[in-house]
2 protein chains.
Amino acid sequence: MARAGITSESLTRAAAELADEIGFERLTGSAVARRLGVKDPSLYAHIRNARELKVRVALLALEELADAAAAALAGRSGKDALVALAGVYRDYAAKHPGRYTACRFELDAQTAAGSAGPRHTEMMRALLRGYDLPEPDQTDAVRFLGAAFHGYVSLELAGGFRHTPRDADASWAWALDTLDFALRNHPSRPS
Amino acid sequence: MARAGITSESLTRAAAELADEIGFERLTGSAVARRLGVKDPSLYAHIRNARELKVRVALLALEELADAAAAALAGRSGKDALVALAGVYRDYAAKHPGRYTACRFELDAQTAAGSAGPRHTEMMRALLRGYDLPEPDQTDAVRFLGAAFHGYVSLELAGGFRHTPRDADASWAWALDTLDFALRNHPSRPS
DNA sequence: TTAGCTTTCCTAATATGATTAGGCAAATGC
DNA sequence: GCATTTGCCTAATCATATTAGGAAAGCTAA
């Protein structure tokens, strides 16, 4: 009875790959077990339940995404930073659709607090420092940017733009121009 | 063997109510059957498969939402219309979280074309006529507004704003102010 | 009204996925 | 080298999705 040598990491990696291939919604314990060459019940030595599988993928994705965002943001500011950060989200979603979807998986407060989620918020705030918004506008802007990025990427991922001739890249650039314009000239900006 | 008297409509309604109560992701054929007081296989006289159940809820929700949007838009224009339309989405999501989520369910091209989806796009375009944007900016703006609305509502629904003191209503108003400002003063506006 | 047709529902059965219990062998610590 | 822990397996249970086949309900028309 040779062991498969599953580790917490290899299991999570396998689940993430699977999610990208078949979609996060269809991610299943059985499928992961099959991919790892073990029987379903063997997974329970490594995870508490099927939900934890998804949580793991979500945490991995949030961290990968935060790392990529941090790298892209380094040395950039203003619109340059805005475009770079937005591009990271969009590219990650295109390359890892399952993981991107996982980022939206609802975590309980505990888990969310320990995740890379707060890093994303911080980076958004760092980005917004280039736009000089006073509080509470900065908080509003964080939410607004998060919503705009996520909304756009998720609509694009769902194929919402496929049936209109207009190029998605061009629309994306337009959206970023508009966001930059709105933040730069926002009425609440100090003098 | 008395009949339950299920119709296509009563089935869809039951499914939609269930989705609002337990969440669209957890909507299951068995649960609907239980609610209707029939056995699982009896459903297959009315639907092709479990997926169709979700599709039905999605179509119902898209239509309800489009109807509400049309009513809210009637007689309004400019920012007034923007705020009204956005409010419809947000309120519907608050009142019918399962159905709102269903609106995001991926439909195949055929089904999507016959759904109320296109009405939503048209209404967005009607709203944007008040902002006088030339093509292709109008298309870009439709996508941008759709993304912003959906992104905001879905983040709020997921509880993304619950752990920050700033009031969600105030942030929402800020976002709408910002969108209105950006569209009104957009560089691409004629003259 | 009744013979016949269609529709709606049921029971039985199968497949997949999630999960627990209990066992045995492999790795690990001394 | 032995005891302990750990990883994996088989067997079993439960929920959901789905098919096959049957029977009764309700409509249709002579």
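These figures come from a predicted structure and were not determined experimentally.
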Tell me every residue that passes ring-ring contact (aromatic ring centres under 6.0 Å, His included) with A:Tyr100, counting only those two or more places apart in sequence or in another chain.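 A:Tyr100 satisfies ring-ring contact (aromatic ring centres under 6.0 Å, His included) with no other residue.
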
Taking protein heavy atoms under 4.0 Å as touching, what does nucleotides 11-21 of chain C look like 5' to 3' if B marks base contact, S marks sugar-phosphate-only contact and - marks none? BB----SSBB-

Send over the distance from [X] [atom1] to [N] [atom2], rounded to a whole Å.
X	N	atom1	atom2	answer
B:Leu43	C:dC10	CG	C1'	13 Å
A:Arg26	D:dT16	CZ	C1'	17 Å
B:Glu25	D:dT16	CD	P	15 Å
B:Ile47	D:dT16	CD1	P	14 Å

By side chain to side chain donor-acceptor pair (under 3.5 Å) - contacts of A:Ser154 (at least two apart): B:His150

Excluding sequence neighbours, so at least two apart, what forms salt bridge (Lys or Arg N to Asp or Glu O under 4.0 Å) with B:Asp177? B:Lys79

Taking side-chain contact (heavy atoms from CB on, under 4.5 Å) as the test, write out the residues that go with B:Ala66, two or more places apart. B:Ala116, B:Arg119, B:His120, B:Met123

Name all pairs fulfilling the ring pair (Phe, Tyr, Trp, His ring centres under 6.0 Å) condition that reach into residues 24-66 of chain B, sequence neighbours left out, sorted by first residue then second. B:Phe24-B:Phe105

Residue-phosphate contact under 4.0 Å: A:His46 side-chain N/O, D:dT6 OP1/OP2: no

Can the ring centroids of A:Tyr152 and A:Phe161 be said to lie less than 6.0 angstrom from one another? yes

